[in-house]
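Some notes on the structure that comes next.
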Amino acid sequence: MTETQDDNPGTNITMAMTLTNSSILVSSDQSTVPPQTSSDLDAIDILNNFGLPTVCLFGIVGNILNLTILTRRKLRRSLRTVEQAANLCLIALALSDFLFCLFAFPTTFLPSDYYTEKGFILYYGQYSPAIINVFILTSTWLTVTMATERYIAICHPLNQTLLMTLRKTKLIIIIVYILSALFNVPVLWRNQVVETVIGNNTVVYSLKIIPLGHDTMKDTIYRVVWAILGNFIPLILLVGFNICICRKIHQSYLYRKKFHYDQASSQDTNVTLTTTLIVIVVMFLILVAPSEIVLHIASMLHTENYRSIEAVMNFMQSVNFSVNFILYCIISSYFRKTLRHIVCCYWRNHRRDSYRLSMKESKVPLQNVNDGL
(Lines give C-alpha, C1' and ligand atoms only; values in the text may rest on other atoms or scores of the structure.)
Protein backbone atom coordinates (compact mmCIF):
# COMPACT_ATOMS: atom_id res chain seq x y z
CA MET A 1 0.00 0.00 0.00
CA THR A 2 1.72 3.25 1.00
CA GLU A 3 5.47 3.44 0.74
CA THR A 4 5.42 6.33 3.17
CA GLN A 5 4.86 3.93 6.02
CA ASP A 6 7.11 1.24 4.59
CA ASP A 7 10.16 3.46 4.12
CA ASN A 8 9.81 5.48 7.28
CA PRO A 9 7.12 4.21 9.62
CA GLY A 10 7.87 6.84 12.22
CA THR A 11 6.92 9.72 9.94
CA ASN A 12 3.41 8.80 8.96
CA ILE A 13 1.98 12.18 9.80
CA THR A 14 -0.40 13.31 7.10
CA MET A 15 -3.72 11.56 6.88
CA ALA A 16 -4.21 12.97 3.38
CA MET A 17 -1.03 11.37 2.11
CA THR A 18 -2.20 8.04 3.44
CA LEU A 19 -5.57 8.34 1.75
CA THR A 20 -4.27 9.16 -1.70
CA ASN A 21 -1.18 6.99 -1.72
CA SER A 22 -2.77 3.84 -0.37
CA SER A 23 -4.97 3.38 -3.43
CA ILE A 24 -2.44 3.84 -6.19
CA LEU A 25 1.09 3.06 -5.13
CA VAL A 26 3.10 -0.12 -4.98
CA SER A 27 5.30 -0.86 -2.01
CA SER A 28 8.79 -1.91 -2.94
CA ASP A 29 9.92 -2.48 0.64
CA GLN A 30 7.63 -4.48 2.87
CA SER A 31 10.17 -5.25 5.55
CA THR A 32 8.68 -2.99 8.21
CA VAL A 33 5.07 -3.95 7.63
CA PRO A 34 3.84 -7.27 9.03
CA PRO A 35 2.30 -9.68 6.54
CA GLN A 36 -1.44 -9.56 6.22
CA THR A 37 -3.78 -12.48 6.68
CA SER A 38 -6.23 -13.46 3.95
CA SER A 39 -9.15 -12.01 5.92
CA ASP A 40 -7.32 -8.69 6.26
CA LEU A 41 -6.60 -8.61 2.54
CA ASP A 42 -10.25 -9.40 1.78
CA ALA A 43 -11.40 -6.49 3.96
CA ILE A 44 -8.90 -4.16 2.29
CA ASP A 45 -10.00 -5.27 -1.19
CA ILE A 46 -13.68 -4.79 -0.35
CA LEU A 47 -13.15 -1.27 1.00
CA ASN A 48 -10.73 -0.14 -1.73
CA ASN A 49 -12.45 -1.79 -4.70
CA PHE A 50 -16.11 -1.39 -3.72
CA GLY A 51 -16.50 0.88 -0.69
CA LEU A 52 -14.39 3.84 -1.80
CA PRO A 53 -15.73 3.99 -5.40
CA THR A 54 -19.32 3.82 -4.16
CA VAL A 55 -18.79 6.56 -1.60
CA CYS A 56 -16.96 8.79 -4.09
CA LEU A 57 -19.65 8.29 -6.73
CA PHE A 58 -22.35 9.15 -4.22
CA GLY A 59 -20.33 12.21 -3.21
CA ILE A 60 -20.08 13.40 -6.82
CA VAL A 61 -23.84 13.22 -7.34
CA GLY A 62 -24.68 14.58 -3.88
CA ASN A 63 -22.36 17.58 -4.14
CA ILE A 64 -23.70 18.43 -7.60
CA LEU A 65 -27.17 18.58 -6.04
CA ASN A 66 -25.77 20.65 -3.17
CA LEU A 67 -24.33 23.18 -5.62
CA THR A 68 -27.56 23.23 -7.64
CA ILE A 69 -29.72 24.02 -4.61
CA LEU A 70 -27.36 26.32 -2.70
CA THR A 71 -26.75 28.56 -5.73
CA ARG A 72 -30.43 29.19 -6.51
CA ARG A 73 -31.26 32.90 -6.77
CA LYS A 74 -34.40 32.55 -4.69
CA LEU A 75 -32.38 31.27 -1.75
CA ARG A 76 -29.70 33.96 -2.01
CA ARG A 77 -32.25 36.78 -2.21
CA SER A 78 -34.12 35.55 0.86
CA LEU A 79 -31.01 35.60 3.08
CA ARG A 80 -29.52 38.46 5.03
CA THR A 81 -25.91 39.48 4.42
CA VAL A 82 -24.59 37.41 7.32
CA GLU A 83 -26.54 34.37 6.17
CA GLN A 84 -25.41 34.90 2.57
CA ALA A 85 -21.81 34.78 3.78
CA ALA A 86 -22.46 31.45 5.51
CA ASN A 87 -24.26 30.12 2.43
CA LEU A 88 -21.27 31.17 0.30
CA CYS A 89 -19.03 29.05 2.54
CA LEU A 90 -21.39 26.10 2.08
CA ILE A 91 -21.14 26.53 -1.70
CA ALA A 92 -17.34 26.67 -1.57
CA LEU A 93 -17.29 23.59 0.68
CA ALA A 94 -19.60 21.67 -1.68
CA LEU A 95 -17.32 22.56 -4.62
CA SER A 96 -14.22 21.39 -2.77
CA ASP A 97 -15.90 18.14 -1.66
CA PHE A 98 -17.10 17.55 -5.24
CA LEU A 99 -13.59 17.99 -6.64
CA PHE A 100 -12.18 15.67 -3.98
CA CYS A 101 -14.65 12.92 -4.89
CA LEU A 102 -14.13 13.55 -8.61
CA PHE A 103 -10.34 13.16 -8.44
CA ALA A 104 -10.36 10.38 -5.81
CA PHE A 105 -12.83 8.18 -7.69
CA PRO A 106 -10.46 7.13 -10.55
CA THR A 107 -7.62 6.27 -8.15
CA THR A 108 -9.56 3.23 -6.94
CA PHE A 109 -9.27 1.71 -10.42
CA LEU A 110 -5.56 2.29 -10.98
CA PRO A 111 -3.28 -0.77 -11.24
CA SER A 112 -2.24 -2.21 -7.90
CA ASP A 113 1.11 -3.57 -9.08
CA TYR A 114 2.55 -1.88 -12.17
CA TYR A 115 1.73 0.14 -15.28
CA THR A 116 2.34 -1.36 -18.70
CA GLU A 117 2.97 1.93 -20.51
CA LYS A 118 3.66 5.59 -19.97
CA GLY A 119 0.49 7.57 -20.46
CA PHE A 120 -2.33 9.44 -18.81
CA ILE A 121 -3.07 6.68 -16.27
CA LEU A 122 0.52 6.58 -15.05
CA TYR A 123 0.83 10.34 -14.74
CA TYR A 124 -2.58 10.55 -13.08
CA GLY A 125 -1.40 8.08 -10.48
CA GLN A 126 1.76 10.12 -10.02
CA TYR A 127 0.18 13.56 -9.56
CA SER A 128 -3.32 12.83 -8.22
CA PRO A 129 -2.16 12.61 -4.56
CA ALA A 130 -1.13 16.28 -4.63
CA ILE A 131 -4.41 17.33 -6.26
CA ILE A 132 -6.52 15.37 -3.79
CA ASN A 133 -4.52 16.76 -0.86
CA VAL A 134 -5.38 20.27 -2.04
CA PHE A 135 -9.10 19.65 -1.65
CA ILE A 136 -8.68 17.82 1.66
CA LEU A 137 -6.90 20.86 3.08
CA THR A 138 -9.35 23.25 1.40
CA SER A 139 -12.42 21.51 2.83
CA THR A 140 -10.84 21.44 6.29
CA TRP A 141 -10.12 25.17 6.38
CA LEU A 142 -13.45 26.08 4.80
CA THR A 143 -15.07 24.22 7.69
CA VAL A 144 -12.95 26.29 10.08
CA THR A 145 -14.02 29.45 8.23
CA MET A 146 -17.69 28.52 8.64
CA ALA A 147 -17.16 27.78 12.32
CA THR A 148 -15.48 31.15 12.81
CA GLU A 149 -18.32 33.03 11.12
CA ARG A 150 -20.97 31.16 13.08
CA TYR A 151 -19.05 31.83 16.30
CA ILE A 152 -19.05 35.56 15.54
CA ALA A 153 -22.73 35.53 14.56
CA ILE A 154 -23.83 33.64 17.69
CA CYS A 155 -21.41 34.82 20.36
CA HIS A 156 -20.64 38.35 19.12
CA PRO A 157 -23.74 39.44 17.18
CA LEU A 158 -22.96 43.17 17.50
CA ASN A 159 -19.78 42.71 15.42
CA GLN A 160 -21.16 40.36 12.80
CA THR A 161 -22.18 43.03 10.28
CA LEU A 162 -18.70 44.54 10.47
CA LEU A 163 -16.66 41.33 10.33
CA MET A 164 -18.88 39.13 8.16
CA THR A 165 -19.36 40.78 4.78
CA LEU A 166 -19.73 39.07 1.44
CA ARG A 167 -16.58 40.70 0.13
CA LYS A 168 -14.48 39.49 3.06
CA THR A 169 -15.97 36.00 2.84
CA LYS A 170 -15.19 35.73 -0.87
CA LEU A 171 -11.64 36.92 -0.22
CA ILE A 172 -11.14 34.35 2.55
CA ILE A 173 -12.45 31.54 0.34
CA ILE A 174 -10.11 32.51 -2.50
CA ILE A 175 -7.15 32.69 -0.09
CA VAL A 176 -7.98 29.25 1.32
CA TYR A 177 -8.04 27.69 -2.15
CA ILE A 178 -4.79 29.39 -3.23
CA LEU A 179 -2.82 28.62 -0.06
CA SER A 180 -4.03 24.99 -0.03
CA ALA A 181 -2.80 24.57 -3.61
CA LEU A 182 0.57 26.22 -2.93
CA PHE A 183 1.15 24.24 0.27
CA ASN A 184 0.72 20.93 -1.58
CA VAL A 185 3.02 21.78 -4.50
CA PRO A 186 5.92 19.73 -2.97
CA VAL A 187 3.76 16.61 -3.14
CA LEU A 188 3.89 16.79 -6.94
CA TRP A 189 7.47 15.51 -6.77
CA ARG A 190 6.92 12.88 -4.09
CA ASN A 191 6.06 10.03 -6.50
CA GLN A 192 8.83 8.92 -8.84
CA VAL A 193 8.30 6.73 -11.90
CA VAL A 194 10.48 3.62 -11.80
CA GLU A 195 11.15 1.67 -14.99
CA THR A 196 11.65 -2.09 -14.62
CA VAL A 197 12.44 -4.79 -17.18
CA ILE A 198 10.79 -8.16 -16.54
CA GLY A 199 10.72 -11.41 -18.49
CA ASN A 200 10.95 -11.31 -22.30
CA ASN A 201 12.43 -7.78 -22.04
CA THR A 202 9.03 -6.30 -21.18
CA VAL A 203 9.26 -2.80 -19.72
CA VAL A 204 6.83 -1.91 -16.93
CA TYR A 205 6.51 1.16 -14.73
CA SER A 206 5.74 1.61 -11.06
CA LEU A 207 5.53 4.54 -8.65
CA LYS A 208 7.95 4.92 -5.76
CA ILE A 209 7.66 7.43 -2.94
CA ILE A 210 10.83 9.46 -2.41
CA PRO A 211 11.59 11.98 0.37
CA LEU A 212 11.09 15.60 -0.57
CA GLY A 213 14.32 16.87 -2.06
CA HIS A 214 15.76 13.38 -1.38
CA ASP A 215 16.16 14.53 2.22
CA THR A 216 14.44 12.52 4.94
CA MET A 217 14.67 15.35 7.44
CA LYS A 218 12.98 17.84 5.09
CA ASP A 219 10.31 15.26 4.31
CA THR A 220 9.64 14.66 8.00
CA ILE A 221 9.43 18.39 8.73
CA TYR A 222 6.98 18.89 5.87
CA ARG A 223 4.77 16.06 7.12
CA VAL A 224 4.79 17.43 10.65
CA VAL A 225 3.87 20.91 9.41
CA TRP A 226 1.12 19.39 7.22
CA ALA A 227 -0.26 17.54 10.25
CA ILE A 228 -0.22 20.69 12.37
CA LEU A 229 -1.89 22.92 9.74
CA GLY A 230 -4.15 20.28 8.25
CA ASN A 231 -5.27 18.45 11.36
CA PHE A 232 -4.31 19.64 14.82
CA ILE A 233 -4.91 23.41 14.52
CA PRO A 234 -8.26 22.95 12.72
CA LEU A 235 -9.21 20.33 15.31
CA ILE A 236 -8.50 22.70 18.21
CA LEU A 237 -10.31 25.61 16.55
CA LEU A 238 -13.37 23.54 15.63
CA VAL A 239 -13.70 22.05 19.10
CA GLY A 240 -13.30 25.48 20.73
CA PHE A 241 -15.78 27.24 18.45
CA ASN A 242 -18.29 24.41 18.72
CA ILE A 243 -18.18 24.44 22.51
CA CYS A 244 -18.72 28.23 22.60
CA ILE A 245 -21.57 28.05 20.09
CA CYS A 246 -23.33 25.21 21.92
CA ARG A 247 -23.01 27.01 25.25
CA LYS A 248 -24.45 30.19 23.77
CA ILE A 249 -27.35 28.30 22.20
CA HIS A 250 -28.06 26.57 25.51
CA GLN A 251 -28.03 29.90 27.36
CA SER A 252 -30.37 31.37 24.78
CA TYR A 253 -32.72 28.40 25.19
CA LEU A 254 -32.78 28.84 28.97
CA TYR A 255 -33.42 32.56 28.55
CA ARG A 256 -36.37 31.99 26.19
CA LYS A 257 -37.75 29.33 28.48
CA LYS A 258 -37.49 31.59 31.53
CA PHE A 259 -39.29 34.52 29.88
CA HIS A 260 -41.67 32.34 27.84
CA TYR A 261 -40.50 33.51 24.45
CA ASP A 262 -42.11 32.02 21.38
CA GLN A 263 -40.05 28.97 20.46
CA ALA A 264 -41.27 29.03 16.89
CA SER A 265 -39.52 32.34 16.29
CA SER A 266 -36.16 30.70 16.73
CA GLN A 267 -36.71 28.29 13.84
CA ASP A 268 -35.27 30.56 11.17
CA THR A 269 -32.50 30.35 8.61
CA ASN A 270 -29.89 31.42 11.13
CA VAL A 271 -30.69 28.46 13.39
CA THR A 272 -30.65 26.11 10.40
CA LEU A 273 -27.22 27.34 9.34
CA THR A 274 -25.89 26.99 12.88
CA THR A 275 -27.28 23.46 13.22
CA THR A 276 -25.80 22.55 9.83
CA LEU A 277 -22.39 23.80 10.89
CA ILE A 278 -22.47 21.93 14.19
CA VAL A 279 -23.34 18.68 12.43
CA ILE A 280 -20.61 19.20 9.80
CA VAL A 281 -18.05 19.81 12.54
CA VAL A 282 -19.18 16.76 14.49
CA MET A 283 -18.86 14.63 11.34
CA PHE A 284 -15.36 16.02 10.83
CA LEU A 285 -14.40 15.17 14.41
CA ILE A 286 -15.74 11.63 14.05
CA LEU A 287 -14.60 10.71 10.54
CA VAL A 288 -11.46 12.75 9.86
CA ALA A 289 -9.78 13.81 13.08
CA PRO A 290 -9.15 10.28 14.49
CA SER A 291 -7.44 9.12 11.29
CA GLU A 292 -4.21 11.00 11.96
CA ILE A 293 -3.84 9.74 15.53
CA VAL A 294 -4.88 6.15 14.82
CA LEU A 295 -2.65 5.75 11.76
CA HIS A 296 0.34 7.30 13.49
CA ILE A 297 0.02 5.06 16.56
CA ALA A 298 -0.58 1.97 14.40
CA SER A 299 2.51 2.65 12.28
CA MET A 300 4.69 3.19 15.36
CA LEU A 301 3.48 -0.05 16.97
CA HIS A 302 3.94 -2.01 13.70
CA THR A 303 0.62 -3.68 14.32
CA GLU A 304 -0.28 -6.69 12.19
CA ASN A 305 -3.63 -5.11 11.29
CA TYR A 306 -2.12 -1.87 10.02
CA ARG A 307 -3.36 -2.32 6.45
CA SER A 308 -6.92 -2.97 7.61
CA ILE A 309 -6.81 0.04 9.94
CA GLU A 310 -5.49 2.17 7.11
CA ALA A 311 -8.26 1.05 4.74
CA VAL A 312 -10.95 1.79 7.35
CA MET A 313 -9.54 5.25 8.10
CA ASN A 314 -9.35 6.07 4.39
CA PHE A 315 -12.95 4.98 3.96
CA MET A 316 -14.07 7.14 6.88
CA GLN A 317 -12.33 10.16 5.39
CA SER A 318 -14.05 9.63 2.05
CA VAL A 319 -17.43 9.38 3.75
CA ASN A 320 -16.86 12.79 5.34
CA PHE A 321 -16.58 14.42 1.91
CA SER A 322 -19.67 12.68 0.55
CA VAL A 323 -22.45 12.82 3.15
CA ASN A 324 -23.21 16.55 3.40
CA PHE A 325 -26.07 16.08 0.96
CA ILE A 326 -27.78 13.72 3.43
CA LEU A 327 -27.14 16.13 6.30
CA TYR A 328 -28.69 19.03 4.42
CA CYS A 329 -31.75 16.94 3.56
CA ILE A 330 -32.24 16.00 7.21
CA ILE A 331 -31.65 19.46 8.69
CA SER A 332 -33.05 21.96 6.18
CA SER A 333 -36.71 21.96 5.19
CA TYR A 334 -35.93 24.44 2.39
CA PHE A 335 -33.33 22.04 1.01
CA ARG A 336 -35.87 19.19 0.98
CA LYS A 337 -38.56 21.34 -0.67
CA THR A 338 -36.15 22.59 -3.34
CA LEU A 339 -34.90 19.09 -4.05
CA ARG A 340 -38.48 17.85 -4.33
CA HIS A 341 -39.27 20.75 -6.67
CA ILE A 342 -36.29 19.98 -8.91
CA VAL A 343 -37.10 16.27 -9.09
CA CYS A 344 -40.83 16.86 -9.71
CA CYS A 345 -40.13 19.46 -12.42
CA TYR A 346 -37.75 17.09 -14.15
CA TRP A 347 -40.32 14.27 -13.93
CA ARG A 348 -43.13 16.46 -15.25
CA ASN A 349 -41.00 17.80 -18.10
CA HIS A 350 -39.91 14.28 -18.97
CA ARG A 351 -43.52 13.07 -19.03
CA ARG A 352 -44.60 16.08 -21.11
CA ASP A 353 -41.81 15.52 -23.65
CA SER A 354 -42.63 11.82 -23.85
CA TYR A 355 -46.33 12.63 -24.38
CA ARG A 356 -45.58 15.13 -27.15
CA LEU A 357 -43.25 12.67 -28.84
CA SER A 358 -45.86 9.92 -28.72
CA MET A 359 -48.50 12.28 -30.14
CA LYS A 360 -46.22 13.25 -33.02
CA GLU A 361 -45.48 9.60 -33.79
CA SER A 362 -49.20 8.75 -33.72
CA LYS A 363 -50.04 11.57 -36.16
CA VAL A 364 -47.42 10.66 -38.74
CA PRO A 365 -49.13 7.55 -40.17
CA LEU A 366 -52.49 9.39 -40.31
CA GLN A 367 -50.91 12.13 -42.36
CA ASN A 368 -49.41 9.58 -44.68
CA VAL A 369 -52.77 7.92 -45.17
CA ASN A 370 -54.46 11.22 -45.97
CA ASP A 371 -51.71 12.07 -48.43
CA GLY A 372 -52.28 8.79 -50.15
CA LEU A 373 -56.01 9.41 -50.48
Side-chain angles (χ1 to χ4, degrees), residues 15 70 79-94 96-97 136-173 175-176 179-180 227-293 317 320-321 323-324 327-328 330-332 335:
M15 62 179 179
L70 293 174
L79 299 178
R80 297 173 298 175
T81 301
V82 175
E83 295 166 351
Q84 287 180 2
N87 187 70
L88 194 60
C89 288
L90 289 176
I91 294 173
L93 179 63
S96 179
D97 289 350
I136 291 177
L137 194 61
T138 301
S139 294
T140 298
W141 278 100
L142 286 175
T143 304
V144 174
T145 301
M146 291 174 54
T148 305
E149 292 193 340
R150 285 292 89 194
Y151 167 77
I152 295 174
I154 300 299
C155 300
H156 303 281
L158 298 179
N159 298 325
Q160 61 179 345
T161 55
L162 178 64
L163 299 176
M164 298 170 55
T165 63
L166 285 177
R167 183 177 180 180
K168 291 181 180 179
T169 301
K170 291 178 182 178
L171 181 61
I172 292 174
I173 291 173
I175 291 175
V176 168
L179 292 182
S180 298
I228 293 173
L229 295 179
N231 191 276
F232 292 111
I233 291 180
L235 179 61
I236 294 172
L237 292 176
L238 291 175
V239 171
F241 286 142
N242 237 31
I243 291 175
C244 293
I245 291 173
C246 290
R247 287 181 59 187
K248 194 67 176 181
I249 292 176
H250 181 65
Q251 292 174 0
S252 177
Y253 168 76
L254 294 179
Y255 183 83
R256 292 194 306 269
K257 185 178 180 180
K258 179 179 179 180
F259 293 96
H260 306 286
Y261 274 21
D262 184 12
Q263 299 295 322
S265 62
S266 65
Q267 303 302 320
D268 56 4
T269 306
N270 190 43
V271 173
T272 301
L273 287 172
T274 304
T275 305
T276 301
L277 167 69
I278 293 175
V279 176
I280 290 176
V281 171
V282 170
M283 294 295 292
F284 177 87
L285 297 179
I286 295 175
L287 297 175
V288 177
S291 300
E292 159 61 24
I293 301 174
Q317 282 185 322
N320 179 73
F321 295 96
V323 298
N324 282 350
L327 299 180
Y328 298 159
I330 295 174
I331 297 172
S332 175
F335 196 92

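- By the side-chain hydrogen bond (donor to acceptor under 3.5 Å, both in side chains) test, T143 pairs with no residue at all, sequence neighbours left out.
- For L237, the side-chain contact (heavy atoms from CB on, under 4.5 Å) criterion is met by W141, V144, I233, F241, not counting sequence neighbours.
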Item to check | side chain to side chain contact (heavy atoms under 4.5 Å, CB included) between I136 and V288, worked out | outcome: CA-CA 10 Å; I136 291 177; V288 177; over 6 Å; no

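- If you take CD1 on I330 and CZ on F335, they are separated by 11.0 Å, rounding to the nearest 0.5 Å.
- With sequence neighbours excluded, the residues that form a side-chain contact (heavy atoms from CB on, under 4.5 Å) with K170 are L88.
- The closest side-chain heavy-atom distance from C89 to L142 is not below 4.5 Å.
- In this structure, I280 and L93 have side chains that are in contact, with non-hydrogen atoms separated by less than 4.5 Å.
- The side-chain contact (heavy atoms from CB on, under 4.5 Å) search around I286 returns V282, not counting sequence neighbours.
- Residues L229 and T140 fail the side-chain proximity criterion, which asks for heavy atoms closer than 4.5 Å.
- Distance check, rounded to the nearest 0.5 Å: CG of N324 to CE of M283 gives 8.0 Å.
- N87 places a side-chain N or O within 3.5 Å of a backbone atom of L70 that can act as its donor or acceptor partner.
- With sequence neighbours excluded, the residues that form a side-chain contact (heavy atoms from CB on, under 4.5 Å) with L179 are I175.
- Listed here is the closest heavy atom pair of C155 and K248: SG-CB, 4.1 Å.
- The nearest pair of heavy atoms linking A85 to L166 is N-CD2, 3.6 Å.
- To the nearest 0.5 Å, the span separating CD1 on I278 from CE on M146 amounts to 11.0 Å.
- For the side-chain hydrogen bond (donor to acceptor under 3.5 Å, both in side chains) test, no residue two or more places apart in sequence or in another chain qualifies with N320.
- Taking 4.5 Å as the limit, every side-chain heavy atom of T148 sits out of range of all side-chain heavy atoms of I172.
- Between atom CG of residue L90 and atom OG of residue S332 there is a gap of 10.0 Å, rounded to the nearest 0.5 Å.
- Here T276 pairs with nothing under the side-chain hydrogen bond (donor to acceptor under 3.5 Å, both in side chains) rule; sequence neighbours left out.
- In this structure, CD1 in I245 is found 5.0 Å from CG in L277, a value given to the nearest 0.5 Å.
- Qualifying side-chain hydrogen bond (donor to acceptor under 3.5 Å, both in side chains) partners for N242, counting only residues two or more places apart in sequence or in other chains: none.
- Proximity of L287 to Q317: side-chain heavy atoms (C-beta onward) are nowhere separated by under 4.5 Å.
- The shortest side-chain heavy-atom distance between H156 and Y151 falls under the 4.5 Å cut-off.
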